[in-house]
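A, B, ... follow the sequence lines: proteins, then strands. Residue 1 opens every chain.
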Protein chains: 2
Amino acid sequence: MDDIARLVGVSKATVSRALQDSPLIADETKKRILEVARSNNYVVNRSAQNLRRRRTDTIGLVIDFPSLPEHRLSDPFHFELLGNIANALAARQQDVLWCSPQSAHAGGFENLLANKGVDGIIFIGQSGHHSELRALAKVGIPFVVWGAHRDDANYCVVGSDNLLGGRLVAQRFRKLKRKRPMFLGPKGHIEIDQRCNGFAQEWGSTIEQLEVADLSFMTSRNAVLAWLDSGKTLPDALFAGSDTMAMGALAAMRERNIEVPAACSVCGYDDSPSALHHSPALTTVRQDTRLAGAVLVERLVQIIQGNPAASVLLPTDLIERAT
Amino acid sequence: MDDIARLVGVSKATVSRALQDSPLIADETKKRILEVARSNNYVVNRSAQNLRRRRTDTIGLVIDFPSLPEHRLSDPFHFELLGNIANALAARQQDVLWCSPQSAHAGGFENLLANKGVDGIIFIGQSGHHSELRALAKVGIPFVVWGAHRDDANYCVVGSDNLLGGRLVAQRFRKLKRKRPMFLGPKGHIEIDQRCNGFAQEWGSTIEQLEVADLSFMTSRNAVLAWLDSGKTLPDALFAGSDTMAMGALAAMRERNIEVPAACSVCGYDDSPSALHHSPALTTVRQDTRLAGAVLVERLVQIIQGNPAASVLLPTDLIERAT
DNA sequence: ATCACTTTTGCAATCGATTGCAAAGAAGCG
DNA sequence: CGCTTCTTTGCAATCGATTGCAAAAGTGAT
């Protein structure tokens, strides 16, 4: 920057202001400076800028999946969400720093800001860390989380309305005149529990649950196979906590020649591509990841600017398809 | 840091060295400093550190898909790759800055380093930007790209052996005694072209290609439907350029009651989860994303340290499944 | 030409670390 | 005890911007 200043014959301060398009600088001067800067292809040094401004225009993204093996992001849903968050941030000239859960957690979340040099954090999935997040909020670190709502959250959580999603599925099963629905999914996973509860609420009674240990295709397939082979009566409708689990169930049913949807109607959750691509196409509950990304970012920016932001419950809708 | 120095009764320089675990500092002093630093939960300011060190320990990840609508990362393969790159970098204490293609390209790739403050760049997919990348390499910016090999690349590209992948598929079709194979995929997409060429090489003659405009499920499904309805003779083996396209083809075949694999054997590419979950399970060519991530990172680190690194061709293998 | 304003520019401090070099302290040896 | 050598520590410059405040230049009215 010194060089540019010398070349143009002004001071460093003037160059800095010109590059920021400050109204303090005369248009003519500004033009001259920008000209020279461009032709010498100079760009401001981000590190120096960050230091001086005490702000990095970068936010940290922490994806935490204690439930997934080896921290692999298998679920396409999260991928979509991620991409949309990145886009929403890019639109605001902010960058995304991907913090692996290991490294993020190593220094403790409260150090993440100074440590990684980010202005705020987006947590995807708060599952096991609720109390830590509460503490974080107390310290005043700007962050938002994607996940399920809970009354005792003193921080901003954005999530889709899992209760509503469950209810929509119940409505569909009722419309299809199903009598004996079953829920497929793990217990203790807060978002999935809410889907199940929403269903029960709307259905008017508790729902039988085929419990599985994780969210994977194979686990669900095996669980459903075991159920089918156990001789228990077949439900006439199955609500799976996610599309991946639904696909597992569908695979099992095909293997045992259960007609879908004739013998058993199936609903998934997430509207992942594979749900659409399956034949018969899987009925599922859609979460609007584009909106989700936009809202997460908007709230976080609010918070960074010092204005508290309330949690948001995003709408969901049922995509009726063949199953 | 000044505060910590005062608290311990040493100079700032000593604190800085102690925190870096420098051998210059006596163990006893070091311990005292670390103690105080921790109890005051002090962490070094990343921005200042970056500025002084002229290094950020952060690499930029640019995912560029001119071919995908709205910059959506629909393909699970890239998601996997991404996760594995992040893990490989985390293992080396490096962070990942996700650069959206828009913002990355806006300032021009050559400014990405200073502009975003990253030490190097990983490009996923070089498709349209070959000449820009050549220029980048000339300027001496450290980067690696994931993609297809080409002779005129003066930069380090890591990619899987698409030619080999194509050959493996040809071998399988021959083993299955198929006579009239067809290739499904777009033309002009360098990696997919290589897959097709590898097939033709091994098969011993060119292969008929059902050309599609993009990589999507629907486009492939529709193309295959149109083919089936056109009355042309059905191929007895179909090699799709990606799993997603293969799934589209399978959907079309199911709709027209073509028996797979009896009437037509099908191979995909990528080993995406949906390939495994489909029934019948899709035969596909696996790319080892974990290895890919590790190699990309290792090469980039090499280059950042000033040692040139050669391109790498990663092995692939065929996963034989029902189709 | 002087004065009061307004518009532009520059000076110099500052952000928070890292590091070369010199100095202080400790240890070893004759 | 004096001298050399090695181990520890501190001083102060430096990385490359941003910004409050003061100074200079320009404008217009008297």
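- Whole-Å rounding puts the Leu24(B) CG to dT7(D) P distance at 10 Å.
- In this structure, Arg46(B) reaches neither bases nor backbone, as no heavy-atom distance under 4.0 Å exists between it and the strands shown.
- Among the heavy atoms of the strands lying under 4.0 Å from Ala26(B) are primed sugar atoms or P, OP1, OP2 only; no base atom is included.
- For the pair Leu82(B)/Ile63(B), a side-chain contact is recorded, criterion being any heavy-atom separation below 4.5 Å from C-beta on.
- Relative ring orientation between Phe143(B) and Phe123(B) is described as perpendicular, the plane-to-plane angle rising above 60° on a 0-90° scale split at 30° and 60°.
- Ser47(A) comes within 4.0 angstrom of nothing in the nucleic acid, heavy atoms only.
- Nucleotides of DNA chain C that come within less than 4.0 Å of any heavy atom of chain B span, from the 5' end to the 3' end, dG16(C) to dC21(C).
- One finds the CH2 atom of Trp98(B) at 11.0 Å from the CG atom of Leu89(A) (value rounded to the nearest 0.5 Å).
- When each of Thr29(B) and Leu51(B) is assigned the nucleotide of DNA chain D bearing its nearest heavy atom, the one mapping closer to the 5' terminus is Thr29(B).
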(request) Decide yes or no on salt bridge (Lys or Arg N to Asp or Glu O under 4.0 Å) for Asp288(A) and Arg290(A), but give the supporting numbers first. (result) CA-CA 5 Å; Asp288(A) 187 340; Arg290(A) 193 184 172 109; over 6 Å; no
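- When each of Pro23(A) and Arg53(B) is assigned the nucleotide of DNA chain C with its nearest heavy atom, Pro23(A) is the one assigned upstream, toward the 5' end.
- To the nearest angstrom, C1' of dT7(D) lies 15 Å from CD of Glu28(B).
- With the nearest nucleotide of DNA chain D identified for both Thr14(B) and Arg54(B), Thr14(B) has the one nearer the 5' end.
- Going from atom CG of Leu314(B) over to atom CD of Gln287(B) covers 9.0 Å, rounded to the nearest 0.5 Å.
- Ion pairing of Lys31(A) with Glu35(A) is absent here, as no side-chain N (NZ or NE/NH1/NH2) approaches a carboxylate O to less than 4.0 Å.
- Each of Val10(A) and Lys12(B) was assigned the nucleotide of DNA chain C with the nearest heavy atom; the assignment lying further toward the 5' end belongs to Val10(A).
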